[in-house]
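To keep things clear, I will list the structure first and then write my remarks on it.
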Number of protein chains: 2
Amino acid sequence: MSLKFGVLGLLKGEPLHGYEVKNRFEAMLGGTWEVNIGQIYTTLQRLERDGLVRPIGRRGDRGKLQYELSPEGHRALDHWLAQPDSGPQQLHEDIYVKLLLATRIANGNLQQLLGRQKRAYLQRLRDLNRLEERARRDGRVDLARLVRGALLHTEADLKWMDELSSERFGAEEGARTE
Amino acid sequence: MSLKFGVLGLLKGEPLHGYEVKNRFEAMLGGTWEVNIGQIYTTLQRLERDGLVRPIGRRGDRGKLQYELSPEGHRALDHWLAQPDSGPQQLHEDIYVKLLLATRIANGNLQQLLGRQKRAYLQRLRDLNRLEERARRDGRVDLARLVRGALLHTEADLKWMDELSSERFGAEEGARTE
DNA sequence: GCTCGCATACATACTCGGCATACATACTGA
DNA sequence: TCAGTATGTATGCCGAGTATGTATGCGAGC
């Protein structure tokens with residue numbers, strides 16, 4: 001979903017062809033999101049099909065085909081930007097299902113699972129800190145802001161793990177379903 | 001991804017047919033995840049194709065077809081459970097792209113965007129609180145734990161929004177890419 | 001007490017969007 | 001000339017949603 005609007009956003013301002021879109025997008029994300037080139041082209045085709053984008057002129061240089069935003073494209077982009085993001089739907093993430101299943105079938109190793117998970121989050125914290133530092137060094141204030149968000153998320157995850165592992169488990173009353 | 005292993009996890013313990021899997025899954029998630037019925041069947045077929053699951057006997061009652069875990073299915077499930085979850089890849093979420101684009105093209109309304117986003121998170125906090133209360137009332141301790149995780153996430157998002165909106169914007173140095 | 005209609009249990013088929021791999025082809029510089 | 005980069009197409013998997021189909025069961029009314 002966000003790739004679609006990412007492309008739209010990049011096309012606002014100046015027309016680009018697919019390969020360029022890929023590079024700009026990755027640069028905008030500071031190397032934290034490598035996009036598959038094929039996906040860029042299918043995205044552009046679908047945007048064209050939906051009338052949000054249209055090709056400019058004939059194919060140039062080496063088959064390059066530039067696209068520009070249509071008026072509807074502008075509108076769609078503005079609307080998306082104005083809309084608060086609802087994020088990934090509530091509890092649809094793997095970790096939740098994993099916890100539930102671990103609670104009901106692997107009663108013994110729940111603590112193990114929590115420990116491993118905690119270590120993974122700590123590692124991510126370190127990665128993100130490095131990333132933030134690099135972003136600041138490069139003058140990419142906007143990127144650093146994003147990383148800050150991811151850091152806060154990861155800290156929340158850690159806190160969660162700590163809360164969970166200090167609960168007294170056993171006598172699980174919650175694992176019934178029928 | 002988590003649906004696949006959710007199904008595996010439910011099948012560990014007792015064989016089920018598709019419709020039943022759907023109901024158990026939704027019950028396990030306490031109504032926070034309504035699965036599409038079609039997806040259950042395709043998931044089961046793929047699991048069968050991959051040898052993680054196999055049908056039991058002939059179709060019974062009203063065409064019901066039950067599935068059970070194969071030995072490889074057990075192994076795959078255990079492996080998945082033992083593996084720390086890496087979560088959705090770092091900065092691949094919509095909100096990040098939205099922030100970046102808003103920074104570079106809608107310089108004026110960034111504060112607006114932050115405000116709207118904050119309100120959305122507050123609303124989510126309220127929803128989650130209600131959900132947690134209900135889970136506890138129903139004796140679903142396991143579910144309440146998940147909701148707690150989601151609450152911590154949302155609080156982190158709010159904190160992030162607060163940090164961002166108290167920055168002094170303008171003089172954006174970070175929005176260059178080329 | 002039978003039947004019509006609706007709900008529910010159970011399943012398949014089709015479609016679309018995201019995403020990845022593989023392939024093709026032109027250019028460019030050592 | 002050969003490696004690499006720039007640029008694009010084709011194809012396929014997977015997650016997810018919609019539409020459709022067929023049994024069974026159940027209540028309302030004649």
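Numbers restart at 1 for each chain; the letters A, B, ... are given by sequence-line order, proteins then strands. These numbers come from a predicted model, not from an experiment. Note: hydrogens, waters and symmetry copies are ignored here, and every other heavy atom, side chains too, is used.
Rounded to an integer number of Å, the gap from A/Ile40 CD1 to D/dG8 C1' is 13 Å. Atom pair A/Lys4:NZ and C/dG18:P shows a separation of 7 Å (rounding to whole Å applied). As a whole-Å value, the separation of B/Trp33 CH2 from D/dG15 C1' is 10 Å. Taking atom CG of residue B/Asp94 and atom P of nucleotide C/dG17, one finds them 16 Å apart after rounding to whole Å. The separation between A/Leu44 atom CG and D/dG8 atom P is 9 Å, rounded to whole Å. Atom pair B/Ile37:CD1 and C/dT15:P shows a separation of 20 Å (rounding to whole Å applied). Atom-to-atom, NZ of B/Lys22 to P of C/dT8 comes out at 13 Å; the value is rounded to the nearest Å. B/Leu16 places its CG atom 11 Å from the P atom of C/dA11, with the value rounded to the nearest Å.
With B/Arg116 contributing its side chain and A/Ala82 its backbone, the two residues share a donor-acceptor pair below 3.5 Å. Checked by atom type and distance alone, the side chain of A/Arg140 never pairs as donor or acceptor with a backbone atom of A/Leu29 at under 3.5 Å.
The side chain of B/His17 approaches C/dA11 more closely than any other nucleotide in the set C/dG18, D/dG15, C/dA11. Comparing C/dG17, D/dT9, D/dC14 by their nearest atom to the side chain of A/Gln45 picks out D/dT9. When the nucleotides D/dG15, D/dT7, C/dA11 are ranked by their closest atom to the side chain of B/Lys64, C/dA11 comes out on top.
Comparing A/Tyr19 and B/Asn36 by the nucleotide of DNA chain D that holds the closest heavy atom to each, the one mapping nearer the 5' end is A/Tyr19. A residue-by-residue look at B/Glu20 and B/Gln39 shows that B/Glu20 has its nearest nucleotide of DNA chain C further toward the 5' end.
Under the salt bridge (charged side-chain N to carboxylate O under 4.0 Å, His left out) criterion, B/Glu72 pairs with no residue at all, not counting sequence neighbours.
Ion pairing between A/Asp127 and A/Arg130 holds under the 4.0 Å rule for side-chain N and carboxylate O. Salt-bridge check for A/Glu132 with A/Arg136: passed, with a basic side-chain N closer than 4.0 Å to an acidic carboxylate O.
Listed pair A/Arg46 / C/dC19 fails the phosphate criterion, with no side-chain N or O lying under 4.0 Å from OP1 or OP2. At C/dT12, none of the side-chain N or O atoms of B/Tyr41 fall inside 4.0 Å of OP1 or OP2 (strictly under the cut-off).
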